[in-house]
S.K.: 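Could you have a look at this structure, given as structure tokens, before my questions?
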There are 2 protein chains.
Amino acid sequence: MPYALTVGLHAAILAVTGEEPRILTVPENESGRSAAALPFGPLEPARHRTLELGLLDWVREQTGMNLTYVEQLYTFGDRDRALLPDASTRVLAVAYLALVRERRVTEGHAASWQGIYRFLPWEDRRAGEPAILRDRIRPALADWVSSAREPKRRRQRRGRVDITFGAVAAPWDNERVLDRYELLYEAGLIAEAMRDCRPSAAAHSNSAFRELGSPLAFDHRRILATALGRLRGKLKYRPVVFELLPETFTLFQLQRTVESLVGVRLHKQNFRRLVGRGALVEGTARFETATRGRPAELFRFRREVLHERSAPGVGLPSLPE
Amino acid sequence: MPYALTVGLHAAILAVTGEEPRILTVPENESGRSAAALPFGPLEPARHRTLELGLLDWVREQTGMNLTYVEQLYTFGDRDRALLPDASTRVLAVAYLALVRERRVTEGHAASWQGIYRFLPWEDRRAGEPAILRDRIRPALADWVSSAREPKRRRQRRGRVDITFGAVAAPWDNERVLDRYELLYEAGLIAEAMRDCRPSAAAHSNSAFRELGSPLAFDHRRILATALGRLRGKLKYRPVVFELLPETFTLFQLQRTVESLVGVRLHKQNFRRLVGRGALVEGTARFETATRGRPAELFRFRREVLHERSAPGVGLPSLPE
DNA sequence: CAATTTATGCTCAATCTGAGAATTATTAGA
DNA sequence: TCTAATAATTCTCAGATTGAGCATAAATTG
């Protein structure tokens with residue numbers, strides 16, 4: 001067999017600063033152009049006892065960061081999306097999600113923080129449905145639907161669009177981040193699709209067409225989409241937000257952090273009720289000063305809950321649009 | 001680097017017959033003894049365009065079965081749990097879950113169906129907490145807790161036992177299948193732990209100790225635990241049970257199937273209410289004959305729901321014990 | 001001190017859940 | 001044929017949860 005096999009370990013390292021979720025990226029020179037990439041490196045069987053240890057190693061080396069909360073996401077292995085160094089090497093990608101409190105990148109590392117909605121602009125609905133959806137995505141998807149030859153194929157495509165991007169019968173499901181990315185990729189609306197020489201992408205190549213969002217190296221935007229979808233789901237049933245927050249925080253900060261991740265606004269009073277009921281936090285008697293209105297109490301995550309109830313998340317009392 | 005790297009593709013193929021979930025196993029000769037194994041085979045970079053296609057290929061070859069519903073579970077890569085063919089090859093395992101309707105194994109294949117609770121007997125609580133938990137597991141775990149030297153370590157162990165196996169403050173969480181398996185493995189109560197030369201396992205090696213449940217080859221019992229935990233979670237928010245049921249079925253059959261998977265009995269009337277509310281099924285006007293009491297109507301899964309609502313699962317109206 | 005801003009508390013109807021009683025349609029057997 | 005046993009199916013009812021919004025409290029700004 002003339003094929004070599006390598007396994008890459010990739011990390012989507014997420015933090016929330018203010019009201020903006022960000023990932024840590026490293027510069028990557030890829031076929032001439034330079035694009036941002038997630039920190040990653042190959043599994044070295046001799047050196048890395050486990051996959052996760054290998055990942056921590058590479059991340060430390062490339063960013064100077066020591067990860068604490070790490071979770072495996074998915075293993076990607078499609079031959080034609082791997083962006084091969086040469087045609088006789090097969091590369092798998094094992095993707096991880098890490099949650100951290102944002103820190104300045106330590107000296108001597110070229111890593112930088114980037115807002116995630118630069119890469120997935122259609123996922124942020126906090127200010128209502130974003131313009132890019134109405135003005136560019138929905139029309140382009142409508143084109144894609146009608147560009148199918150057979151009527152049956154058209155119906156399939158329309159159904160898929162409706163369910164992933166929401167329509168009359170099906171509301172927007174904020175966890176389907178990956179489905180949406182994959183659909184846009186298949187429809188050729190993503191720069192990476194053209195890079196991978198997708199047929200559908202070629203259709204747009206000579207029109208005045210702009211791809212959606214900033215690209216990332218390799219298949220890293222797909223990893224980011226996987227990470228965001230998974231995190232949005234997990235928030236609801238595990239107290240993971242607290243990995244992203246400082247030791248003490250106000251309830252409003254907590255709410256803003258959750259909102260920034262799930263991409264929608266939440267009903268404030270009901271959000272508090274849910275957090276309170278789950279007994280996830282406890283008040284310190286201290287208050288946030290140096291803010292505008294009435295000062296808010298500072299709360300702290302009750303780490304004990306991890307040993308008490310089985311699966312408390314924050315709950316998402318959504319707001320009608 | 002003197003290390004070779006291989007990636008194995010492993011399939012937990014699940015069906016429910018009557019009220020018993022089963023997996024498809026193949027015979028495997030492993031270091032002299034023969035043990036059942038999940039169907040698996042190495043990724044062949046030249047032949048397999050995607051990981052999933054590789055998996056389907058191996059499964060077809062070993063069992064004659066064509067899979068439809070397939071889902072990636074996890075990628076395992078710990079060096080010291082891989083059961084290496086030789087010390088200079090590193091083997092990763094990408095594990096999948098497949099759901100099928102049970103069929104007879106086709107001629108010429110040595111595969112056979114095995115009830116999953118043979119391998120994870122503590123997970124079936126349909127008849128209340130199983131005796132093995134009270135008589136063997138809880139005592140053995142109590143020993144394991146007190147066998148820790150430092151008090152701090154003991155407290156940690158006790159907390160971990162309480163949260164994974166349930167205690168006063170925390171009820172039994174039926175999704176923590178993997179946590180429970182891992183804990184038993186670490187405590188040396190699982191045959192595979194001894195096979196992997198775990199120190200904790202050695203403690204039991206010369207007493208009149210019997211390991212829990214039947215072993216599987218490699219780390220396949222861990223894969224099974226991952227599969228069951230994931231499926232138990234997914235049932236609640238995606239209509240996946242129907243992959244396991246025939247075209248038409250009674251509501252009671254549906255309930256029994258769900259119960260067999262989640263491992264607890266459910267409240268019948270409320271279960272119906274939930275299924276009805278989700279509009280998951282529709283009655284055919286036909287009835288199940290050849291049964292004892294009043295004949296039950298046959299229902300059919302409304303495949304349309306996949307294109308309607310975002311995420312309907314069956315819901316689990318649990319019964320107090 | 002008034003206007004503004006934000007935090008926090010409280011209410012109320014609608015819906016969902018847990019538990020179980022009551023009713024209906026069959027089969028097995030006296 | 002009549003009765004008991006077995007299941008399916010329908011209903012009820014109290015308690016908890018949710019969605020929505022009003023009201024009040026405690027600060028800052030001008």
Side-chain angles (χ1 to χ4, degrees), chain A residues 18-19 171-172 174 235-237 248-259 262 264-300 309-321, chain B residues 18-19 171 174 236-237 248-259 262 264-300 309-321:
Chain A
E19 309 193 358
W172 178 273
N174 70 3
L235 280 177
K236 290 172 196 147
Y237 62 92
T248 65
F249 47 83
T250 68
L251 294 181
F252 197 53
Q253 249 180 293
L254 171 60
Q255 182 178 346
R256 286 300 192 212
T257 302
V258 173
E259 286 176 343
V262 297
V264 289
R265 291 257 103 98
L266 305 175
H267 183 112
K268 188 159 159 177
Q269 295 94 322
N270 292 346
F271 179 79
R272 274 140 193 271
R273 182 167 57 187
L274 289 181
V275 175
R277 167 121 38 75
L280 292 173
V281 297
E282 63 192 353
T284 68
R286 300 189 303 114
F287 289 81
E288 176 67 270
T289 53
T291 124
R292 289 261 238 155
R294 171 175 172 175
E297 187 170 3
L298 287 167
F299 287 80
R300 156 186 318 120
R309 328 233 280 80
S310 62
V314 286
L316 304 178
S318 65
L319 218 46
E321 311 216 351
Chain B
E19 310 192 359
N174 71 3
K236 290 171 198 150
Y237 62 92
T248 64
F249 46 83
T250 68
L251 293 181
F252 197 54
Q253 250 179 295
L254 172 59
Q255 182 179 346
R256 287 299 192 213
T257 303
V258 173
E259 287 176 342
V262 297
V264 288
R265 291 257 103 99
L266 305 174
H267 182 115
K268 187 159 160 174
Q269 296 94 320
N270 293 346
F271 179 78
R272 275 141 192 269
R273 182 167 57 186
L274 289 181
V275 175
R277 168 120 36 78
L280 291 173
V281 297
E282 64 192 353
T284 69
R286 301 187 302 115
F287 290 80
E288 176 67 272
T289 53
T291 126
R292 289 260 237 153
R294 173 175 172 175
E297 188 170 1
L298 287 167
F299 287 79
R300 154 186 320 122
R309 326 234 280 82
S310 61
V314 288
L316 306 177
S318 64
L319 218 46
E321 309 217 349

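Convention: sequence-line order gives letters A, B, ...; per-chain numbering from 1.
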S.K.: For A/Glu259 and A/Leu266, which heavy atoms make the closest approach, and how far apart are they?
M.R.: OE2-N, 2.8 Å
S.K.: State the CD-OG1 distance between A/Glu297 and A/Thr248, to the nearest 0.5 angstrom.
M.R.: 10.5 Å
S.K.: Side chains of B/Phe299 and B/Leu280, heavy atoms from C-beta outward: is any pair under 4.5 Å?
M.R.: no
S.K.: Any side-chain heavy atom of A/Arg256 within less than 4.5 Å of one from A/Arg265?
M.R.: yes
S.K.: Report the distance from atom CD of A/Gln269 to atom C1' of D/dT24, rounded to the nearest whole Å.
M.R.: 12 Å
S.K.: Take atom CZ of A/Arg272 and atom P of D/dG19, then tell me their distance rounded to the nearest Å.
M.R.: 17 Å
S.K.: Would you check if B/Gln255 and B/Lys268 make a side-chain contact, meaning some heavy-atom pair closer than 4.5 Å?
M.R.: yes
S.K.: Does the side chain of B/Arg273 get closer than 4.0 angstrom to OP1 or OP2 of C/dC16 through an N or O atom?
M.R.: no
S.K.: Whole angstrom is fine here: how far is it from CZ in B/Phe287 over to C1' in D/dA7?
M.R.: 13 Å
S.K.: For B/Phe252 and C/dT26, give me the distance from atom CZ to atom C1', rounded to whole Å.
M.R.: 16 Å
S.K.: How long is the line joining NE2 of B/His267 and P of D/dT9, in whole Å?
M.R.: 15 Å
S.K.: Is any side-chain heavy atom of B/Phe271 closer than 4.5 Å to one of B/Val258?
M.R.: yes
S.K.: Can you give me the N/O atom pairs linking the protein to nucleotides 28-30 of chain D at distances under 3.5 Å, or say none if there are none?
M.R.:
from	atom 1	to	atom 2	distance (Å)
D/dT28	O4'	A/Arg292	O	2.8

S.K.: Using atom CD of A/Glu297 as one end and atom C1' of D/dA25 as the other, report the distance to the nearest whole Å.
M.R.: 14 Å
S.K.: Could you run through DNA chain D and flag its stems, i.e. three or more consecutive Watson-Crick or G-U pairs with both distances under 3.5 Å?
M.R.: C:1-30 with D:1-30
S.K.: What integer distance in Å separates B/Phe271:CZ from D/dA7:C1'?
M.R.: 16 Å
S.K.: Would you kindly give the CG-to-P distance between A/Leu251 and D/dA25, to the nearest whole Å?
M.R.: 20 Å
S.K.: Would one find a side-chain N or O of B/Lys268 under 4.0 angstrom from OP1 or OP2 of D/dA8?
M.R.: yes
S.K.: Can you tell which of D/dA20, C/dT8, D/dC11 lies closest to the side chain of A/Asn270?
M.R.: D/dA20
S.K.: Verify the contact: side-chain N or O of B/Arg294 to OP1 or OP2 of D/dA5, cut-off strictly under 4.0 Å; return yes or no.
M.R.: no
S.K.: Is B/Arg277 near enough to C/dT17 that one of its side-chain N or O atoms lies under 4.0 angstrom from OP1 or OP2?
M.R.: yes
S.K.: Give, for atom CG of B/Leu274 and atom NZ of B/Lys236, the distance between the pair rounded to the nearest 0.5 Å.
M.R.: 12.5 Å
